[in-house]
Amino acid sequence: MKWLVTLLVVLLVLLQYKLWFGEGNVGDVYRLRQEIAAQRAENARLKDRNAALEAQVKDLKSGTAAVDELARSQMGMIRKGDTFYQYVAPPAGGTHAAPPAVALPGNAGAKP
């Protein structure tokens, strides 16, 4: 009977060793769960980004309003009849007053 108890204790120690220090131990499981949570957050962020890009592609394919908006915001283009305002920042460290912002109509270069 004593040898049976000894055998069970040794078996319990071996199983505990594998649980805490062997392959797939508790630390590995904890680390993997954190990596899964981080990957899920990254996937959600990328899914939102992809949805926004898909909507932008759909808008670009469907009409000219999206193209016009992109040309204005990203390329600084203006349309005929628009008023263009440009702000000139004062020079760094200077005491000179900057000239006021200049407003030019969109067709400023056109001759009457």
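What you are looking at is a predicted structure, and each value in this text was computed from that prediction instead of being measured.
If you check the side chains of Glu54 and Asn50, you find no donor sitting under 3.5 Å from an acceptor.
Rounded to the nearest 0.5 Å, atoms CZ (Arg31) and CG (Asn25) are 9.0 Å apart. Distance CG/Asp82 to CE/Met77: 11.5 Å, rounded to 0.5 Å. In this structure, Glu69 CD and Thr64 OG1 are separated by 11.5 Å, a value rounded to the nearest 0.5 Å. A distance of 8.5 Å separates CG in Leu12 from CG in Leu8, rounded to the nearest 0.5 Å.
Cluster membership check: Phe21 shares its hydrophobic cluster with Val26, using side-chain heavy-atom separations under 4.5 Å among Ile, Leu, Val, Met, Phe, Trp and Tyr.
Residues meeting the ring-ring contact (aromatic ring centres under 6.0 Å, His included) test with Tyr30, sequence neighbours left out: none.
Nearest heavy atoms, Arg72 versus Arg79: NH2-NE, 2.6 Å. Contact record, Val29 with Gly24: CG2-O, 4.0 Å, taken as the closest heavy-atom pair.
Look at Glu42 and Arg45 and you find a salt bridge, because one of the NZ, NE, NH1 or NH2 atoms lies within 4.0 Å of a carboxylate O, short of that distance.
Within the 4.5 Å cutoff, the side chain of Leu14 has heavy atoms near those of the Val10 side chain.
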